[in-house]
Amino acid sequence: MEIKDTYKTIDQPTEEILFKEKNSKFFGYAFPVTTIDELKIYVEQLKKQHFGAVHFCYAYQIGTEKNEFRANDDGEPSNSAGIPIYGQIQSFGLTNILIVVVRFFGGTKLGVGGLITAYKTTAQLALENASIIEKTIDVNFKITFEYKNTNKVMRIIKEKQLEIRSQRMENHCELIVVTRKQNAERIFDIFNSLFEISISKLD
C-alpha cells in the first residue's frame, strides 16, 4: 500500500484582495506558515497596516500528519467568520496556511448569513489568487559511521538519491539525510542492516 506523503500549501503570501458588501470592506490575505509564532507576526503586521479596522478574523491549519487548526471570529457573531474561512482551507485541501480577513464596517449590518458569505467569499478569492504547490512529507535520518565506511554510505546515498542536509566528516562521521516518507522505511532498513553503521530517525 502506497503511503500518502504529499500535501498542498501555498508558496508565498498572496496579494491583498478586496471584497465589498453594503459598504463594508473585507481585505483577504493568505500566508504560508509552519508555526504559531509566524502566524502571530502576520496578524500583528495587518493590525498595524489596517489601523481602524473593526475585525481581524482568521483561520489556520498547520501540520502535515497531525493537523492543528483554529478559527477565530474576533468579535463577529459566533461561527460567522472563522469557520467560513476555515471551510475554504478545507475546500482547497491545504495545510501550513493562514488566511486573515480584515473588515472595515460600512454602517450597515449584514446579518449572520451575510457575514458568512462575505468571509467565505473573501477567503476563496484570496486562495484563488494564491500559488498552490504540492510538497512531500519528508523524514530526516541521522547516519553515524567511521570514516573508513564513507564510500559504502555515499554509494547508497547516491543510488537512493537522498538529500544531505548536513555532514560532519572526521574520524567519526555524521550525516543528516532526508527522504520522502514513502521511502523512509526502506532507507532505514538498508542502513540498519550494514555493519558498523548506525541510523536513527530525527523528529
Side-chain angles (χ1 to χ4, degrees), residues 1-15 29-49 58-72 86 89-90 92-100 126-127 129-203:
M1 187 183 113
E2 195 173 311
I3 297 168
K4 179 167 173 18
D5 68 351
T6 58
Y7 64 94
K8 286 197 299 182
T9 188
I10 62 173
D11 69 345
Q12 61 196 37
T14 57
E15 298 282 320
Y29 303 86
F31 303 94
V33 291
T34 52
T35 67
I36 303 294
D37 288 341
E38 277 178 273
L39 180 156
K40 287 177 181 165
I41 291 165
Y42 284 128
V43 174
E44 285 309 311
Q45 277 174 355
L46 290 174
K47 285 184 175 174
K48 285 182 188 143
Q49 187 182 329
Y58 63 84
Y60 66 80
Q61 179 150 291
I62 293 174
T64 52
E65 290 167 280
K66 290 193 184 89
N67 288 336
E68 185 183 338
F69 64 90
R70 181 165 175 228
N72 183 340
Y86 182 61
I89 293 176
Q90 288 182 303
F92 280 75
L94 302 172
T95 192
N96 290 353
I97 186 167
L98 162 70
I99 300 177
V100 185
L127 288 178
N129 203 23
S131 166
I132 293 172
I133 53 169
E134 191 167 69
K135 286 185 156 186
T136 56
I137 299 170
D138 294 328
V139 176
N140 290 297
F141 288 118
K142 180 163 83 174
I143 302 167
T144 50
F145 52 94
E146 297 304 311
Y147 190 77
K148 63 179 181 184
N149 290 314
T150 301
N151 287 347
K152 205 189 309 186
V153 171
M154 289 304 186
R155 193 171 62 242
I156 297 166
I157 285 173
K158 195 174 174 203
E159 252 173 44
K160 300 297 176 192
Q161 297 174 326
L162 303 180
E163 181 193 331
I164 299 175
R165 283 268 160 94
S166 73
Q167 54 185 353
R168 199 180 74 227
M169 305 302 274
E170 293 159 13
N171 286 340
H172 187 68
C173 304
E174 186 181 290
L175 292 177
I176 308 291
V177 299
V178 63
T179 186
R180 287 179 67 149
K181 188 184 172 192
Q182 60 177 252
N183 301 329
E185 204 174 311
R186 197 160 66 244
I187 298 301
F188 182 86
D189 289 345
I190 290 168
F191 282 107
N192 203 33
S193 66
L194 295 176
F195 184 57
E196 294 182 333
I197 294 166
S198 70
I199 181 169
S200 57
K201 185 179 169 187
L202 299 174
D203 286 334

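As a basis for the values below, the full set of heavy atoms in this structure was taken, side chains included, without hydrogen atoms, waters or symmetry mates.
- Distance check, rounded to the nearest 0.5 Å: CD1 of Ile99 to CD1 of Ile89 gives 4.5 Å.
- In this view, Gln49 and Glu16, Tyr29, Leu46 satisfy the side-chain contact (heavy atoms from CB on, under 4.5 Å) rule, not counting sequence neighbours.
- Of all the heavy atoms in Leu98 and Tyr42, the pair that sits closest is CD2-CB, 3.9 Å.
- A search for side-chain contact (heavy atoms from CB on, under 4.5 Å) contacts involving Thr136 returns Thr6, Asp138, Arg180, not counting sequence neighbours.
- Across all their heavy atoms, Tyr58 and Arg70 have their closest contact at OH-NH1, 3.2 Å.
- When all heavy atoms are compared, the tightest approach of Thr95 to Ile62 is OG1-C, 3.8 Å.
- Leu162 CG to Ile143 CD1: the interatomic distance, rounded to the nearest 0.5 Å, is 7.0 Å.
- Contacts classified as salt bridge (charged side-chain N to carboxylate O under 4.0 Å, His left out) and involving residues 148-167 (residues at least two apart or in different chains) are given here: Lys148-Glu196, Glu163-Arg165.
- Contact of the Leu127 side chain with the Ile97 side chain is registered, since non-hydrogen atoms from C-beta on lie closer than 4.5 Å.
- Applying the side-chain hydrogen bond (donor to acceptor under 3.5 Å, both in side chains) test to Ser198 and every residue at least two apart in sequence or in another chain returns Thr144.
- Across all their heavy atoms, Ala126 and Thr14 have their closest contact at O-CG2, 3.6 Å.
- To the nearest 0.5 Å, the span separating NZ on Lys142 from CG on Leu202 amounts to 6.5 Å.
- Rounding to the nearest 0.5 Å gives a distance of 15.0 Å between NZ of Lys8 and NZ of Lys135.
- Nearest heavy-atom pair, Tyr7 versus Ile137, reported as atom, atom and distance to 0.1 Å: CD2-CG1, 3.7 Å.
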Acceptor/donor pairs from residues 183-193 side chains to any protein atom, 3.5 angstrom cut, sequence neighbours excluded:
from	atom 1	to	atom 2	distance (Å)
Asn183	OD1	Arg186	NH2	3.3
Ser193	OG	Asp189	O	3.3
Ser193	OG	Ile190	O	2.8

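- A distance-only check finds a donor-acceptor pair linking the side chain of Asn96 to the backbone of Gly63 [under 3.5 Å].
- Remark: Ile197 CD1 to Ile156 CD1 distance equals 6.0 Å, nearest 0.5 Å.
- Counting only heavy atoms from C-beta outward, the side chains of Thr150 and Tyr147 approach each other to under 4.5 Å.
- Taking the ring-ring contact (aromatic ring centres under 6.0 Å, His included) definition, one finds that Tyr86 meets it with Phe69, sequence neighbours left out.
- With sequence neighbours excluded, the residues satisfying side-chain hydrogen bond (donor to acceptor under 3.5 Å, both in side chains) with Lys181 are Glu65.
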Only distances under 3.5 Å count here; give the side-chain donor-acceptor pairs of residues 30-37 to other protein atoms, sequence neighbours excluded, each with its distance to 0.1 Å.
from	atom 1	to	atom 2	distance (Å)
Thr34	OG1	Glu38	OE1	2.8
Thr35	OG1	Glu38	N	3.1
Thr35	OG1	Glu38	OE1	3.3

Side-chain donor/acceptor pairs under 3.5 Å, residues 167-177, sequence neighbours excluded:
from	atom 1	to	atom 2	distance (Å)
His172	ND1	Glu146	OE2	3.1

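- Counting heavy atoms from C-beta outward, Met154 and Ile164 have side chains that approach closer than 4.5 Å.
- For the side-chain contact (heavy atoms from CB on, under 4.5 Å) test, residues two or more places apart in sequence or in another chain that qualify with Asp11 are Ser131, Ile133.
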